[in-house]
Amino acid sequence: MNARPARVGLMIPSSNTMMEVDFARDLPPGVALHTARMYMEDTTPAGENRMLDEFALPAARDLGTARPDVVVFGCTSAGALRGNDYDTQLCQQISELTGAPVVSTIGAVRTAIEASGAASVGVITPYVDELNEKIRESIQADGVDVAAITGLGITDNFQIAEVAPEEIVAFAVRALGPLAVEGVIDLIFASCTNFGAMTARPAIAERLGLPVVTSNQAVLAAAVARLQALWSPPPSSTSPPAATTRRCACWPRAGRRRRSWPAARA
């Protein structure tokens, strides 16, 4: 029982008040959460570019001192902002600074969509149109059609977390309901790590009759799968599942020793 917990390092915009709550609630027993904040108040291309240029790598450096086992880059739109190749490069830089594999939120979402087999998706976001187009480009780069993407136009990141789950459900029904009824879309993606979509997810799925992927749900699953690949399971457990994301699950150059899964997991 003296085994240390597995550590998830989480990098989030400084004004994000939702992602830590979702992770702390749903991480498995025996896993600890450690967070670094990247200064950002405006959910706009300018605000996110500044976060990427000035605050992302210093936050990664600081988070590395907590010696995380896995790091999550917790901003969907910033991951898509400069394209998928940039997102991969950023995760590699973060991995080098933290000494841990890095899971990208937009990469985890793209992998979840691919795993679903969906050919066409509908997307809801809290964003302005400029960021919506970057999300569209990131998803469509995998050959998946984005039949519709609709945002709430919120530019104050703190306010995004204030949107109630029932409002998100109503927004999804309003924006994507006709496409779901007509069979135009196979899946719904609710974007943004500061959006209460993880709580709203079951109701959206029930109302629209389609599977729903959210940013926090997808990247949390990917981070846990990465931990299971790093840590040996207890003797009574079955073999861990394969990692749920292959995009931007970057590894540090030096190999990492597999560990015993924390006793609290047993």
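Residues: numbered from 1 along the sequence shown. Only a predicted model underlies this, so the values are computations on that prediction, with no experimental measurement involved.
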S.K.: Atom CD1 in I106, atom CG in N84: separation rounded to 0.5 Å?
M.R.: 7.0 Å

S.K.: Are the side chains of F189 and T76 in contact, using a 4.5 Å heavy-atom criterion?
M.R.: yes

S.K.: Between the main-chain N or O of M18 and the side-chain N or O of N194, is there a donor-acceptor pair closer than 3.5 Å?
M.R.: yes

S.K.: V212 and V109: same hydrophobic cluster, using ILVMFWY side-chain contacts below 4.5 Å?
M.R.: no

S.K.: Would D129 and K134 pass as an ion pair if we require N to O under 4.0 Å?
M.R.: no

S.K.: What heavy-atom pair brings L52 and A78 nearest, and what distance separates the two atoms?
M.R.: CD1-O, 3.8 Å

S.K.: Indicate whether any N or O donor in one side chain lies under 3.5 Å from an N or O acceptor in the other, for D87 and S104.
M.R.: yes

S.K.: Please step through side-chain contact (heavy atoms from CB on, under 4.5 Å) for the pair V103 and V70, ending with a clear verdict.
M.R.: CA-CA 8 Å; V103 180; V70 171; 4.1 Å; yes

S.K.: Taking all non-hydrogen atoms of both residues into account, name the closest pair between D186 and A119 and its distance.
M.R.: OD2-N, 2.9 Å

S.K.: Answer yes or no: is there a side-chain heavy-atom contact under 4.5 Å between P101 and V71?
M.R.: no

S.K.: Given side-chain contact (heavy atoms from CB on, under 4.5 Å), test L90 with Q93 step by step and report yes or no.
M.R.: CA-CA 5 Å; L90 176 64; Q93 290 179 288; 4.2 Å; yes

S.K.: Go through the steps for V123 and T150 under the test side-chain contact (heavy atoms from CB on, under 4.5 Å), then give the verdict.
M.R.: CA-CA 6 Å; V123 184; T150 306; over 6 Å; no

S.K.: How long is the span from the OH atom in Y127 to the CG atom in N157, to the nearest 0.5 Å?
M.R.: 8.5 Å

S.K.: Between A59 and M38, what is the shortest heavy-atom contact and its length?
M.R.: CB-CG, 3.7 Å

S.K.: Which heavy-atom pair separates P165 from T199 by the least distance, and what is that distance?
M.R.: CG-CG2, 3.9 Å

S.K.: Charged N to carboxylate O below 4.0 Å: is that the case for R110 and D142?
M.R.: yes

S.K.: For S95 and A100, which heavy atoms make the closest approach, and how far apart are they?
M.R.: OG-O, 2.8 Å

S.K.: About how many Å separate CG of D22 and OG of S215, when rounded to the nearest 0.5 Å?
M.R.: 10.5 Å

S.K.: Test L220 against every option in V72, T105, D26 by the side chain to side chain contact (heavy atoms under 4.5 Å, CB included) rule and name the one that passes.
M.R.: D26

S.K.: Working note: T193 + N216, criterion side-chain hydrogen bond (donor to acceptor under 3.5 Å, both in side chains); need CA distance, chi angles, decisive distance, verdict.
M.R.: CA-CA 6 Å; T193 61; N216 289 355; 4.6 Å; no

S.K.: Measure the CZ-OG1 distance between R61 and T98 for me, rounded to the nearest 0.5 Å.
M.R.: 13.0 Å

S.K.: Does a donor on one side chain and an acceptor on the other come within less than 3.5 Å for T155 and T43?
M.R.: no

S.K.: Flag yes if more than 12 heavy atoms outside F158 fall under 6.0 Å of its CZ atom; otherwise flag no.
M.R.: no

S.K.: Does I154 belong to the same Ile/Leu/Val/Met/Phe/Trp/Tyr cluster as I149, with side-chain heavy atoms less than 4.5 Å apart forming each link?
M.R.: no

S.K.: Any ion pair linking R82 and D53 (charged N to carboxylate O, less than 4.0 Å)?
M.R.: yes

S.K.: Group every Ile, Leu, Val, Met, Phe, Trp and Tyr by side-chain heavy-atom contacts under 4.5 Å, then state whether V144 and V184 land in the same group.
M.R.: no

S.K.: Linking I/L/V/M/F/W/Y whenever their side-chain heavy atoms sit closer than 4.5 Å, directly or via other members, would L10 and V21 fall into one cluster?
M.R.: no

S.K.: Is it the case that more than 12 heavy atoms not belonging to E206 sit under 6.0 Å from its CD atom?
M.R.: no

S.K.: Does some side-chain heavy atom of V121 sit less than 4.5 Å from a side-chain heavy atom of I188?
M.R.: no

S.K.: Working to the nearest 0.5 Å, report the span between CD1 of I168 and CD1 of I160.
M.R.: 10.0 Å

S.K.: Checking Q140 side chain against V146 main chain: does a donor-acceptor pair fall under 3.5 Å?
M.R.: yes

S.K.: Should L152 and M19 be regarded as members of a common hydrophobic cluster, given that ILVMFWY residues are connected when their side-chain heavy atoms come within less than 4.5 Å of each other, either directly or indirectly?
M.R.: no

S.K.: Verify, without hydrogens or angle tests, whether R7 (side chain) and R67 (backbone) share a donor-acceptor contact under 3.5 angstrom.
M.R.: yes

S.K.: For Q217 and T214, indicate whether the former's side chain and the latter's backbone hold a donor-acceptor pair under 3.5 Å.
M.R.: yes

S.K.: Is there a side-chain contact between V8 and P68, using heavy atoms and a 4.5 Å cut-off?
M.R.: no

S.K.: Under 3.5 Å, is there a donor-acceptor pair between the side chain of S138 and the main chain of I135?
M.R.: no

S.K.: Taking all non-hydrogen atoms of both residues, which atom of S116 and which atom of L187 are closest, and how far apart?
M.R.: OG-CD1, 3.4 Å

S.K.: More than 12 heavy atoms of other residues, nucleotides or ligands under 6.0 Å from CZ of R136: is that the case?
M.R.: yes

S.K.: Under a plain distance cut-off of 3.5 Å, with no hydrogens placed, do E48 and S77 share a side-chain donor-acceptor pair?
M.R.: yes

S.K.: Heavy atoms, side chains only, cut-off 4.5 Å: are M51 and C75 in contact?
M.R.: yes

S.K.: Can you tell whether the side chains of E20 and R37 come within less than 4.0 Å, N to carboxylate O?
M.R.: yes

S.K.: Check the pair V163, F171 against side-chain contact (heavy atoms from CB on, under 4.5 Å), reporting the backbone distance first and the verdict last.
M.R.: CA-CA 10 Å; V163 181; F171 173 42; over 6 Å; no

S.K.: Could you grab the distance from atom CG of N16 to atom CZ of F195, nearest 0.5 Å is fine?
M.R.: 12.5 Å

